[in-house]
Amino acid sequence: MKLNELKAGQSARVLSIGGEGALRQHFLDMGLIPGVEVTMIKLAPMGDPMELRLRGYELTLRLNDAEKIGIELLEAAHVKAQDQEGRRPADHPGLGEEGRFHPKGTGDPLPEGTVLSFALVGNQNSGKTTLFNQLTGSNQHVGNFPGVTVDRKDGVIRGHADTSITDLPGIYSMSPYSNEELVSRDFVINRKPKAIINIVDATNVERNLYLTMQLLEMNVPMVVALNMMDELTGNGGTVDINRMESMLGVPVVPISAAKNEGVDELVRHAVHIAKYQERPLRQDFCGAQDHSGAVHRALHAVSHLIEDHAERVGLPVRFAASKLLEGDRHIEAQLQLDQNEKELLEHIALQMESERGLDRSAAIADMRFEFIEKVCESCIIKPRESREHKRSEKLDRVLTGKYTAIPVFIGIIGLVFFLTFFLIGPFLQNLLAEGIGHLGSLAARAMEAGHVNPAIQSLVLDGIFEGVGSVVSFLPLIVTLFFFLSLLEDSGYIARVAFVTDKLLRRSGLSGRSIVPMLIGFGCTVPAVMATRTLPSDRDRHMTILLTPFMSCTAKLPIYSFFVSVFFPKRAWLIITGLYLLGIVMGILAARLYKKTLFKGEAVPFVMELPNYRMPSARNVLQLLWEKARDFLQRAFSVILIATIVVWFLKSFDFRFNLVANSYNSILAELAGLLVPLFTPVGLGDWRIVTSLICGFMAKESVVSVMELLFSGGVQNAITSLMAASLLVFSLLYTPCVAAIASIKRELGGKWALYVVLWQCAVAWVAALAVRLIGSLL
Ligand code: GDP
Ligand code: MG
């Protein structure tokens with residue numbers, strides 16, 4: 001029987017894991033290994049993917065991936081009873097005993113003045129961001145890892161000026177499965193942080209420790225921060241911290257990042273182990289007796305075989321050995337083994353496989369989980385079922401229920417849009433516009449009084465205040481939208497949205513996670529592009545960003561409503577809806593095209609955890625808003641400012657660099673004149689139309705106002721309804737505005753930004769031509 005055949009409510013034991021390469025390794029890393037018990041919870045409303053429960057957490061995967069997993073059905077009675085009642089609770093649950101059971105070195109500390117660099121590593125949703133914010137306060141900056149667009153946050157621990165801490169992306173394993181995992185692995189190996197702070201979700205130790213075990217193999221000083229202790233103890237669970245410390249060989253500090261409990265103690269431990277370079281006491285978790293020691297002997301044999309190579313290239317030996325046995329190609333290449341050693345390695349692995357009866361990657365994963373089970377059994381008393389989990393199940397009955405999921409989703413997104421784009425956003429925008437207007441008139445009066453050169457006056461007023469002002473007016477929208485989104489994200493709802501919509505997006509080569517940025521694209525492309533940060537794969541991120549311009553942003557709405565009300569008043573709604581749909585259809589076509597051409601590579605499979613719903617922390621949300629706002633202003637400004645000045649210049653001067661009184665004679669008009677032949681085939685060969693489209697590049701709304709100006713209010717007499725139709729389609733599809741391009745440049749680089757400008761214009765041109773040809777036949 002295969003996993004995809006399991007019915008809701010049924011349980012099964014996994015017998016075999018098919019598939020290959022990265023996907024298979026990912027299954028294993030998520031704890032899906034032969035022997036584990038899984039319970040099918042439900043299918044997504046569209047029938048795919050499925051939601052499973054295993055090792056105390058919820059996982060979603062697609063049916064055709066589940067098909068690769070062989071299972072045997074379990075009768076309800078056989079399901080392993082998780083009853084642990086009658087066990088003695090620990091004496092001091094929630095106290096770390098200040099590391100009484102972890103011997104403290106007094107050896108030679110690092111020289112005074114060394115910067116103690118920490119890496120913060122942990123699973124997704126384990127509370128990394130919350131802890132990072134607690135640790136650093138406001139001493140942090142956000143950036144990218146060199147060479148890849150993966151978020152990177154650095155900061156200084158409060159009260160310890162000689163420290164630096166880096167928040168690594170949330171990962172489940174040190175396998176090079178996604179960009180995030182590679183980045184984290186490279187960071188730990190090559191950047192050599194002085195110590196690791198490994199954050200572990202206490203409500204789900206079983207899965208979280210899998211990463212911990214791989215980190216221990218890195219042989220870097222480490223402290224485990226056992227987070228969410230409030231939730232665990234609140235439900236009657238406890239952890240025997242001291243025992244856990246002695247089993248893992250590193251300090252374990254129970255904390256609650258959200259409530260700022262235990263964080264000071266964590267810092268003391270972290271600083272201590274970093275200063276004294278106390279490495280984990282234990283890296284060897286394979287028992288000599290387990291399954292007649294097959295894995296144990298293989299691991300030790302490989303360790304000795306490659307010891308010299310690993311030392312030469314600076315890899316931790318034990319880490320390299322287990323990765324080699326797992327069949328990790330990156331590590332194999334790095335170690336430069338010779339032919340004979342490679343053959344020896346292969347023989348050792350084959351011997352292990354035949355003795356253990358599992359293939360190599362499964363054998364290693366199994367060894368890790370076996371140790372983890374021992375740790376859990378002897379150190380943790382789990383509550384039978386946590387309140388949070390019960391609550392999540394109840395919420396999920398509605399939020400991912402078969403008939404309710406999609407209406408609720410539409411309702412929530414609709415509400416967010418309504419609040420952002422119609423209620424709160426415009427209100428803030430008006431305030432801001434008034435403020436800027438005020439400043440502008442102040443500046444005008446000041447310049448008037450100082451008899452400033454009229455060209456400069458015009459630059460400041462028409463250029464900078466107008467242009468930058470129109471872009472800054474996006475800020476309230478962005479902040480409001482991100483406020484709601486981060487609430488949804490932090491609460492755990494976004495993961496459900498991905499679960500529900502995955503099937504829809506999959507046909508275009510994307511996964512459910514891309515739905516959110518695309519939807520935001522209907523509001524504004526700028527935050528949409530910024531929101532792609534949450535996507536786990538670089539390929540998905542690229543593709544999603546390239547598709548967002550196809551969604552009709554709210555700035556296009558004034559263009560639609562103006563032309564529709566002038567030219568097609570009877571069929572207004574039909575046409576506006578049609579335009580929105582056209583954008584979506586073109587986006588889908590483009591996605592199909594990308595899937596076959598630019599982004600052929602292997603899509604990251606959709607295997608994702610569905611975390612419990614949690615109350616978002618106000619602090620996280622505020623911090624995020626501040627970051628987004630700063631980010632937008634800082635980075636986008638340079639591009640926008642330059643673009644504004646260029647357009648102002650073109651529109652205010654003629655070719656002899658005289659200030660023109662009427663933009664009729666400006667360089668812009670002349671240039672637009674040059675472009676007219678290009679626009680003639682699509683029926684838009686009028687320099688005034690071309691000029692207004694160029695101005696639309698600054699802000700889409702200005703297409704209408706510029707056209708009104710240039711046609712002196714007589715647009716309806718000057719152009720035909722066929723021209724209007726072409727113009728509408730062209731405006732829908734042509735290049736996004738400069739603010740959007742600036743954020744694309746920031747995410748993907750200048751080349752892609754240029755590509756988007758040219759590609760969108762080309763698509764728009766072809767579509768407008770089609771409209772003209774079809775229209776002239778009618
Ligand atoms: P990350 O994905 O690892 O960065 O995790 P976040 O910091 O975003 O936290 C995920 C969720 O867990 C958020 O809703 C937090 O408010 C919540 N959370 C974080 N730490 C704690 C904690 O100590 N206790 C509880 N109850 N919730 C927490
Ligand atoms: Mg986070």
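In listed order, ligands and their atoms are each counted from 1.
- Between N620 and the choices L625, L487, T130, the side-chain contact (heavy atoms from CB on, under 4.5 Å) rule is met once, by T130.
- Contact annotation for M615 and ligand 1: only backbone heavy atoms (N, CA, C, O) come within less than 4.0 Å of the ligand.
- Of all atoms in ligand 1, listed by their number and element, those nearer than 4.0 Å to a heavy atom of E231 are 26 (N).
- The closest donor-acceptor contact from the side chain of R62 to the backbone of F606 lies at 3.5 Å or more, if one exists at all.
- Of all the listed residues (N123, V263, L624, N227), N227 holds the heavy atom that lies closest to atom 20 (N) of ligand 1.
- Using a 4.0 Å cut-off between heavy atoms, T129 contacts ligand 1 through both its backbone and its side chain.
- Proximity of K128 to ligand 1, defined as any heavy-atom pair under 4.0 Å, is shared by backbone and side chain alike.
- Inspection of the N208 and Y172 side chains reveals no N or O donor paired with an N or O acceptor under 3.5 Å.
- Ionic pairing of K323 and E217 is not present here: no N-O contact between side-chain nitrogen and carboxylate oxygen is shorter than 4.0 angstrom.
- Put simply, the side chain of D502 never gets that close to the backbone of P49: no donor and acceptor are under 3.5 Å apart.
- Taking any N or O of S126, backbone or side chain, at least one lies under 3.5 Å from an N or O belonging to ligand 1.
- The ligand atoms of ligand 1 that sit less than 4.0 angstrom from a heavy atom of S617 are 16 (O).
- Using a distance-only test at 3.5 Å, with no hydrogens or angles considered, no donor-acceptor pair links the side chain of N123 to the main chain of S126.
- Residue contacts with ligand 1: G122 is excluded, as none of its non-hydrogen atoms falls under 4.0 Å.
- Here L131 has no heavy atoms under 4.0 Å from ligand 1, in either its backbone or its side chain.
- Within ligand 1, counting atoms from 1 as listed, the ones closer than 4.0 Å to a heavy atom of T130 are 6 (P), 7 (O), 9 (O), 15 (C), 19 (C).
- Proximity of a side-chain donor or acceptor of E278 to a complementary backbone N or O of P221 within less than 3.5 Å is not detected.
- Only the side chain of D230 comes within 4.0 Å of ligand 1, judged by heavy-atom distances.
- At least one donor-acceptor pair under 3.5 Å links the side chain of N235 to the backbone N or O of R387.
- Ligand-side atoms of ligand 1 in range of S256: 22 (C), 23 (O), 24 (N), range being under 4.0 angstrom from any heavy atom.
- The ligand atoms of ligand 1 that sit less than 4.0 angstrom from a heavy atom of D490 are 8 (O), 13 (C), 14 (O).
- Checked against F285 for a ring-ring contact (aromatic ring centres under 6.0 Å, His included), the options Y210, F371, F369 give a single hit: F371.
- Considering only non-hydrogen atoms, atom 21 (C) of ligand 1 lies nearest to A258 out of A202, G492, A258.
- Listed for the T420 side chain is no donor-acceptor partner under 3.5 Å among the backbone atoms of F417.
- In terms of polar-atom proximity, G127 is counted as a contact of ligand 1, with an N or O under 3.5 Å from an N or O of the ligand.
- At least one N or O atom of A257, backbone or side chain, sits closer than 3.5 Å to an N or O atom of ligand 1.
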